[in-house]
Amino acid sequence: ADELERRLQASKVKGKTVTIKLKYNDFTQQTRSRTVNEFMDRKAQFFPIVQELLLQEPWPLPVRLLGISITKLDSEIVLEQFSVQLKLEF
């Protein structure tokens, strides 16, 4: 969570969707996510959501790896404004 916060602030981006990825000891994996209304880039904002996602349901197996990511970035809004469908003449 500290590293994610550092990367978000270094990149000057904020996001709305928090996703956790759980990898179990049998190498299966599960993802859980939640989208909020406001953009966030601080651990204090997204870590309570991470905790809720972790406690959403019991883990079926021991966890060997846990990943946290944030998507629906505010930088994606700028990119969407400039996307254009190109027409090709055949």
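Since the model is a prediction, treat every value here as computed from it, not as a measurement. Count residues from 1 along the sequence.
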Novice: Can you list every pair that meets salt bridge (Lys or Arg N to Asp or Glu O under 4.0 Å) and has a residue in residues 18-29, with sequence neighbours left out?
Specialist: none
Novice: To the closest 0.5 Å, what do you measure between CD1 (I49) and OG (S33)?
Specialist: 10.5 Å
Novice: Quick one: closest heavy-atom pair of A1 and F47, and the distance?
Specialist: CB-CD1, 3.7 Å
Novice: Indicate every side-chain donor-acceptor pair of residues 52-67 with a distance under 3.5 Å to a residue at least two apart or in another chain.
Specialist:
from, atom 1, to, atom 2, distance (Å)
E52, OE1, R34, NH1, 2.4
E57, OE2, Q30, NE2, 3.4
W59, NE1, L54, O, 3.3
R64, NE, Y24, O, 3.2

Novice: Applying side-chain contact (heavy atoms from CB on, under 4.5 Å), can you list everything that pairs with S69, at least two apart in sequence or on another chain?
Specialist: T19
Novice: Taking only residues two or more places apart in sequence or in another chain, which ones pass side-chain contact (heavy atoms from CB on, under 4.5 Å) with E3?
Specialist: R6, R7
Novice: Going by the rule side-chain contact (heavy atoms from CB on, under 4.5 Å), which residues pair with T35 if we only count those two or more places apart in sequence or in a different chain?
Specialist: K16, T17
Novice: Please name all residues satisfying side chain to side chain donor-acceptor pair (under 3.5 Å) with N37, sequence neighbours left out, ordered by chain then number.
Specialist: none
Novice: Do the non-hydrogen side-chain atoms of M40 and L8 ever get within less than 4.5 Å of each other?
Specialist: no
Novice: Run the side-chain contact (heavy atoms from CB on, under 4.5 Å) test against R42 and tell me which residues pass, sequence neighbours left out.
Specialist: E5, Q9, Q45
Novice: Any side-chain heavy atom of L4 sitting closer than 4.5 Å to one from K43?
Specialist: no
